[in-house]
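Right, one structure below, let's go through it.
Fair warning: this is a prediction, and the values are worked out from it, not measured in the lab. Computed from heavy atoms alone, side chains included, the values below leave out hydrogens, waters and symmetry copies.
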Protein chains: 2
Amino acid sequence: MKTLPRKDQIRLKAQVLFREKGYVASSMRDIADTLGIEAASLYNHISSKEEILQDICFSMAESFFVAIEPISTENIPLDEKLKKAITAHIGVIAANSDASAVFLHEWRHLGNPSLSDFKLMRRRYERIFSSMLDDGIRTKVFRAVDVPLTVRTLLSAMNWTYEWYNPKGKVDPTAMSEHICKLILDGLRN
Amino acid sequence: MKTLPRKDQIRLKAQVLFREKGYVASSMRDIADTLGIEAASLYNHISSKEEILQDICFSMAESFFVAIEPISTENIPLDEKLKKAITAHIGVIAANSDASAVFLHEWRHLGNPSLSDFKLMRRRYERIFSSMLDDGIRTKVFRAVDVPLTVRTLLSAMNWTYEWYNPKGKVDPTAMSEHICKLILDGLRN
DNA sequence: TTCGCTAACTAACGAGCGTTAGTTAGTTTA
DNA sequence: TAAACTAACTAACGCTCGTTAGTTAGCGAA
């Protein structure tokens, strides 16, 4: 029964608030209240409100890369690889739905240079999926789709799933991933 | 070259701001600035900041219903019906990308009772798609997928498309709809 | 025992917020 | 022409915001 460092406690509480009300609408006094301390006391542990947002966004980004990069270099059939990538991505979301929601919706309130860095990372992440689709099309595993459009569609199809893990684990991430994989790969038609 | 009523001008400018910075981070003074007037002058035309948000959210909701409801009652094959529904939905987004972005992301800053009303409308809208999937599954046009999960995935796959129409019409809505229809119906696999 | 560190506190700052009151110039209506 | 309406203005209200300064109680190390 270890107690977390105060800074981590702040991040965890802030995640929930940022997800529920949004970053701008969540005040430092709101965050402090959930910890039972005064707003000013937060500054013994963090240097600004935005630092909390940065921590959430960039640590989530890293989680996604850590999950996806080893898969992207595997030498396996492209449809299988995409399946593993989708499963990994959804796994990261499922493992931290609050932070995922913040990562996906509140990043635009980052100031520069964090904002530019964040956008670059996102582009880099999308390019991993683009490469997989390109390779799959070249090897005739996939149809000759519009790749940028399909990547965005795929990511959007995955990125709402944090909502599913909010109230209580009604759906397990594995079942969810399998459903989405099947839908993306083979479609809805019988 | 008609000049719009001031209230409509306010809504149009607010749409852009709310989309770019979010509702909470956009101040009445920001909105007034884009019109070249003082913040207080806005109150000759509207009664509160939230009223602007309500107007945007509920008029967009109505646009979606107007587009989708006639299709939902047509008597045509279910895959064709779904295709028409997807095309109609994306058409509404394409016709007003700023308002769509606000509709999709800022609704949670509505206060009650607007917020509850909004959520009910969304549920009702989702149910239209659920019915189409149910019918399609019953008539063996579609596979026996998990309907709620598939509806959410479908909506997410469509609802990012407002981003595409932001800078300048690079992609036409028809091509975009066809891509997404094909992907959802037949999948990515060759 | 004293020193220094940690993590809380109180108090307050300046800025910005949404909104209201009261006023005014110009335009439309009676 | 006089009255009423429209749509802007200035000024200000009360409140909340993120943040800073200075203080203090408790605790482990020298």
Side-chain angles (χ1 to χ4, degrees), chain A residues 1-58 102 105-115, chain B residues 1-58 102 105-115:
Chain A
M1 187 53 197
K2 276 278 128 58
T3 62
L4 284 171
R6 207 50 154 160
K7 183 165 180 171
D8 294 337
Q9 293 180 34
I10 293 171
R11 217 190 66 166
L12 289 175
K13 296 293 192 181
Q15 275 173 15
V16 178
L17 277 174
F18 291 174
R19 179 197 187 155
E20 281 173 359
K21 320 204 307 172
Y23 172 74
V24 181
S26 304
S27 72
M28 295 300 274
R29 287 163 179 85
D30 290 337
I31 299 170
D33 279 351
T34 68
L35 293 159
I37 62 175
E38 293 297 315
S41 307
L42 294 170
Y43 289 86
N44 288 314
H45 309 280
I46 55 150
S47 65
S48 70
K49 187 188 179 188
E50 199 190 316
E51 193 197 51
I52 307 175
L53 183 60
Q54 286 171 14
D55 285 351
I56 297 170
C57 289
F58 285 93
V102 175
H105 293 129
E106 306 301 327
W107 58 266
R108 61 189 174 139
H109 296 111
L110 290 168
N112 276 316
S114 306
L115 183 57
Chain B
M1 188 54 197
K2 276 277 129 58
T3 62
L4 284 172
R6 209 49 157 160
K7 182 164 179 171
D8 295 337
Q9 292 180 34
I10 293 170
R11 217 191 65 166
L12 288 174
K13 296 293 193 182
Q15 274 173 15
V16 178
L17 277 173
F18 291 174
R19 179 196 186 157
E20 281 173 0
K21 319 203 309 172
Y23 172 74
V24 181
S26 304
S27 73
M28 295 301 275
R29 286 161 180 88
D30 289 338
I31 298 169
D33 280 350
T34 70
L35 292 160
I37 62 174
E38 292 297 316
S41 306
L42 295 169
Y43 289 86
N44 287 313
H45 309 279
I46 55 151
S47 65
S48 70
K49 186 187 178 188
E50 198 190 318
E51 192 198 52
I52 307 175
L53 183 60
Q54 285 170 14
D55 285 350
I56 297 170
C57 289
F58 285 92
V102 175
H105 292 128
E106 306 300 326
W107 58 267
R108 60 188 175 140
H109 296 112
L110 291 169
N112 278 319
S114 306
L115 182 57

Taking atom [atom2] of [N] as reference, at what distance in whole Å does atom [atom1] of [X] sit?
{"X": "E38(B)", "N": "dG18(C)", "atom1": "CD", "atom2": "P", "result": "14 Å"}
{"X": "I37(A)", "N": "dA25(D)", "atom1": "CD1", "atom2": "P", "result": "19 Å"}
{"X": "Y43(B)", "N": "dA7(D)", "atom1": "OH", "atom2": "C1'", "result": "16 Å"}
{"X": "N44(B)", "N": "dT27(C)", "atom1": "CG", "atom2": "P", "result": "17 Å"}
{"X": "K7(B)", "N": "dA8(D)", "atom1": "NZ", "atom2": "P", "result": "14 Å"}

Of E50(A) and G36(B), whose closest DNA chain D nucleotide lies nearer the 5' terminus?
G36(B)

By nearest-nucleotide position on DNA chain D, the 5'-leaning member of A40(B) and S26(A) is A40(B)

How long is the span from the CZ atom in R19(B) to the CD atom in E106(B), to the nearest 0.5 Å?
11.5 Å

Phosphate OP1/OP2 of [N]: any [X] side-chain N/O under 4.0 Å:
{"X": "H45(A)", "N": "dA8(C)", "result": "yes"}
{"X": "R6(A)", "N": "dA8(C)", "result": "yes"}
{"X": "S41(B)", "N": "dA7(D)", "result": "no"}

Chi angles and distances behind the side chain to side chain contact (heavy atoms under 4.5 Å, CB included) call for D55(B), K7(B):
CA-CA 10 Å; D55(B) 285 350; K7(B) 182 164 179 171; 3.5 Å; yes

If you count heavy atoms of other groups shown closer than 6.0 angstrom to NZ of K13(B), is the number above 12?
no

If you look at every strand shown and take non-hydrogen atoms under 4.0 Å, does S27(A) touch a base, only sugar-phosphate, or nothing?
sugar-phosphate

On the side chain of R29(B), is there an atom forming a donor-acceptor pair with the base of dG18(C) - under 3.5 Å, no angle test?
yes

Test side chain to side chain contact (heavy atoms under 4.5 Å, CB included) applied to I10(A) and L4(A), I52(A), I37(A), T34(A), the passing residue:
I52(A)

